[in-house]
Amino acid sequence: KMLKHDHTKSEDQCSPAEIDVGLISERDKLQFKMTTREAVVTIISALKEKSPIKYPIVRHCMCFNPRRIVKYDELNHFKNVVNALVYAGRLVEGDCDSLCTQYSEMNRDMEIEQQCKEFDVAKDHADTLYYNMLQDKEQYQSLYEKVIKPILLLSHGQAQVERGFSVNSSVSVTNMS
């Protein structure tokens, strides 16, 4: 929905009259408000362009959200993830049916359902949850190893590199002072 929303439409934006910038001339106020409005539109456009949510596989990864698993049938989203992995050469097409069956069975497993219900986004991590839920369940090992683990690793793929950039940046600022 966010990607399809036209954020450039004036009716979805604050009118310049609603923005208070303090005591400056009316001409300067209007100029400031218009410039700010343009900046916000530019920032939102850049965020939408760089957002991973524009990729279908990312949107379909909602099938791994523990809170959604207990409420909704996410099999269609899972099938889309599997198809994307096949297309990317990360999965053999012959494994798709058994993986979909394992996913469906996993979602009907009462023990797993209970653990998903207890999942707390504020303090728990999905990768840890899935590892703990599936590590001792032989019937789901293929599902975990071929789909869930690689998908959950996608979000962590650049984290270490980005942390390195962040550390380098702060060191550079400290050294320049």
Backbone of Leu143 reached by a side-chain donor or acceptor of Gln102 within 3.5 Å: yes
Shortest non-hydrogen contact between Leu129 and Gln115, atoms and distance: CD1-O, 3.9 Å
Gap separating the CG atom of Leu134 from the CE atom of Met106, nearest 0.5 angstrom: 6.0 Å
Test item: Tyr131 and Leu152 side chains (from C-beta on) under 4.5 Å apart, heavy atoms: no
Exercise answer: donor-acceptor pairs, residues 90-100 side-chain atoms, under 3.5 Å, sequence neighbours excluded:
unit_1 : atom_1 : unit_2 : atom_2 : d
Asp95  : OD2    : Lys146 : NZ     : 2.8
Ser98  : OG     : Asp95  : O      : 3.0

Donor-acceptor pair between Asn107 and Ser104 side chains, under 3.5 angstrom: no
Minimum heavy-atom distance Cys116-Pro66, with the two atoms named: CB-O, 3.5 Å
Minimum heavy-atom distance Val121-Phe119, with the two atoms named: CG2-CE2, 3.9 Å
Single-linkage hydrophobic cluster, 4.5 Å side-chain cutoff, Tyr144 and Leu75 together: yes
Rounded distance (nearest 0.5 Å) linking atom CE of Met133 with atom CG of Asp136: 12.5 Å
Side chain to side chain contact (heavy atoms under 4.5 Å, CB included) partners of Asn132, counting only residues at least two apart: Thr128, Gln135
Whether Tyr103 side chain and Cys63 backbone form a donor-acceptor pair below 3.5 Å: yes
Under 3.5 Å donor-acceptor, Asn80 side chain and Asn76 backbone: yes
hydrophobic_cluster_shared for Met62 and Ile69, side chain cutoff 4.5 Å: no
Distance, nearest 0.5 Å, that separates NE2 of His60 from NZ of Lys79: 13.0 Å
Test side-chain hydrogen bond (donor to acceptor under 3.5 Å, both in side chains) applied to Glu38 and Thr42, step by step: CA-CA 6 Å; Glu38 290 172 16; Thr42 303; over 6 Å; no
Residue pair Asp127 / Lys149, side-chain heavy-atom distance below 4.5 Å: no
Student check: side-chain heavy atoms of Phe64 and Tyr130 closer than 4.5 Å: yes
Short side-chain donor-acceptor distance under 3.5 Å, Thr101 and Glu105: no
Arg108 and Glu113 ion-paired at < 4.0 Å: no
